[in-house]
Amino acid sequence: MALYSEKVMDHFKNPRNVGKMEDADGIGEVGNAKCGDIMKMYLKIEDGIIVDVKFNTFGCGSAIATSSMATEMIKGKSVDEALTLSNKAVVEALDGLPAHKIHCSVLAEEAVKAAIKDYYDKNGIEYDHEMFCEGDCAHCHEHDADGL
Amino acid sequence: MHENGIVTAEQVRGAIRPDTALVTVMYANNEIGTIQPIREIGAVCREMGVPFHTDAVQAVGHIPVNVKEDNIDMLSVSAHKFHGPKGIGVLYAKRGTILSNVIEGGAQERGKRAGTENMPAIVAMAAAMKEAVETMDAVNAKIIPMREKLIEGLEKIPHSKLNGDRNSRVPGTVNFCFEGIEGESLLLMLDEEGIEASSGSACTSGSLDPSHVLLALGMPHEVAHGSLRLSICENNTDEEIDHILRVVPEVVSYLRNMSPVWEALESGEKPHLI
């Protein structure tokens with residue numbers, strides 16, 4: 001299948017950091033089963049650094065690959081750095097995605113943010129609420145039209 | 001429509017209005033393989049004086065089709081569905097059926113569609129159809145046991161469901177839903193194992209919606225996303241069926257293990273739907 005780049009297929013077939021985390025400091029779940037993608041991201045955070053990350057994803061090949069790539073890109077980074085992760089950076093790291101799969105990368109970005117928001121909430125850390133989406137699938141799918 | 005995908009003749013009778021110009025019902029569905037009661041539907045259309053067309057692309061060459069006995073006024077056929085070439089087909093129309101011209105110009109195809117006919121493709125289609133019809137019984141005697149084995153094997157996967165009617169189906173089509181997983185990732189993993197399947201799901205079509213056929217059967221969106229369609233023909237072998245039955249449960253289980261939807265179902269947070 002030539003739908004995806006070699007990198008996407010590699011991350012799909014050998015997903016990094018797949019699994020659950022019992023003692024996560026932040027958990028973010030975004031997407032909607034009706035739309036066909038749900039990502040759940042688990043973060044272990046020590047001194048503001050993401051020391052471990054795990055994900056579970058229900059979705060197509062690119063949903064699994066973007067989740068995997070996003071976890072690699074934030075592991076070992078500070079929470080502040082992880083917040084700057086953009087869907088575009090995930091797409092570039094995967095050597096591109098088909099236009100109608102761009103929403104998967106948006107979902108990956110939102111999953112990271114949702115997990116960080118959960119971490120902030122649990123620890124009473126102040127933040128700007130406008131930085132985070134509502135985890136609303138339809139919102140993410142609007143990004144399809146952008147096509148990057 | 002019923003859960004098995006069958007449209008009854010009585011439903012068609014109820015849907016016909018004084019201004020109904022045409023009734024068209026697929027002979028057999030392309031995604032789930034369900035065979036419709038075409039003869040009975042055709043009889044209702046005759047009785048009510050409405051022309052009846054059937055898309056028999058999935059049926060011709062696979063199951064007996066007889067336009068006279070089945071009360072069919074018009075019927076569509078595509079050659080590639082019985083090992084003929086792609087890009088050629090037939091529209092049968094009963095003598096006396098009024099058809100408008102599709103392409104105006106030359107006199108080819110009785111003026112209905114002007115332009116030089118693709119003679120090699122037409123001849124190849126006729127040869128393929130002849131062979132398909134002549135070998136139909138022998139082919140089906142081989143395919144149907146494989147299909148049954150496939151269905152019985154896949155039904156053992158927990159929270160799986162065969163789509164379409166259990167009995168009234170074309171010999172080579174098997175369509176399943178597996179709860180908690182998404183169809184495209186299933187297809188990609190099966191492709192890696194040498195199994196070429198299709199899904200009819202959002203991801204293969206580029207649309208975000210799952211199969212409209214499965215939704216019409218009343219399948220919830222989240223379950224319809226996890227569909228798998230396997231088509232078998234006489235060139236498949238028992239060993240290939242065994243391979244599919246070895247690989248599919250493994251892949252389904254692997255994908256479920258990383259699925260937050262499956263986690264919610266298994267923890268009881270959400271009820272299983274199938």
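Values below: all heavy atoms of this structure, side chains included; hydrogens, waters and symmetry mates excluded. Bear in mind that the values here come from a model prediction, so they are computed numbers and not experimental data. Residue numbers start from 1 in every chain, and the chains themselves are labelled A, B, ... in the order their sequence lines are given, proteins ahead of strands.
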Just by modelled atom types, is the A:Gly61 backbone N or O under 3.5 Å from a matching donor or acceptor in the B:Ser185 side chain? no

Should we say atom CD of B:Glu131 is surrounded by more than 12 heavy atoms from elsewhere, each under 6.0 Å from it? no

Spacing of CE belonging to B:Met258 relative to OG1 belonging to A:Thr57, to within rounding of 0.5 Å: 8.0 Å

Which atoms form the tightest heavy-atom contact between B:Gly180 and A:Phe58, and what is the distance? O-CD1, 3.2 Å

Pick one of side chain, backbone, both or neither for A:Ile64, based on which atoms fall under 4.5 Å of a heavy atom in chain B. side chain

Check B:Tyr254 against A:Phe12 and note the closest heavy-atom contact, atom names and distance. OH-O, 4.5 Å

Is it the backbone or the side chain of A:Ser67 that comes under 4.5 Å from a heavy atom of chain B, or both, or neither? neither

Option passing side-chain contact (heavy atoms from CB on, under 4.5 Å) with B:Pro260 (candidates A:Lys40, A:Met39, A:Lys20): A:Lys40

Looking only at heavy atoms, which two atoms of A:Cys60 and B:Glu184 are closest? And how far apart? CB-OE1, 3.0 Å

Take a 6.0 Å sphere around CG of A:Asn123 and say whether it holds more than 12 heavy atoms from other residues, nucleotides or ligands. yes

Main chain of A:Lys34, side chain of B:His225: is a donor-acceptor contact present, judged purely on distance under 3.5 Å? yes

To the nearest 0.5 Å, atom CG of B:Leu188 lies from atom NZ of A:Lys13 at 9.5 Å

Heavy-atom count check: over 12 atoms from other residues, nucleotides or ligands less than 6.0 Å from A:Lys44 NZ? yes

For residues B:Glu182 and A:Asp37, determine if any side-chain heavy atom of one lies less than 4.5 Å from a side-chain heavy atom of the other. no

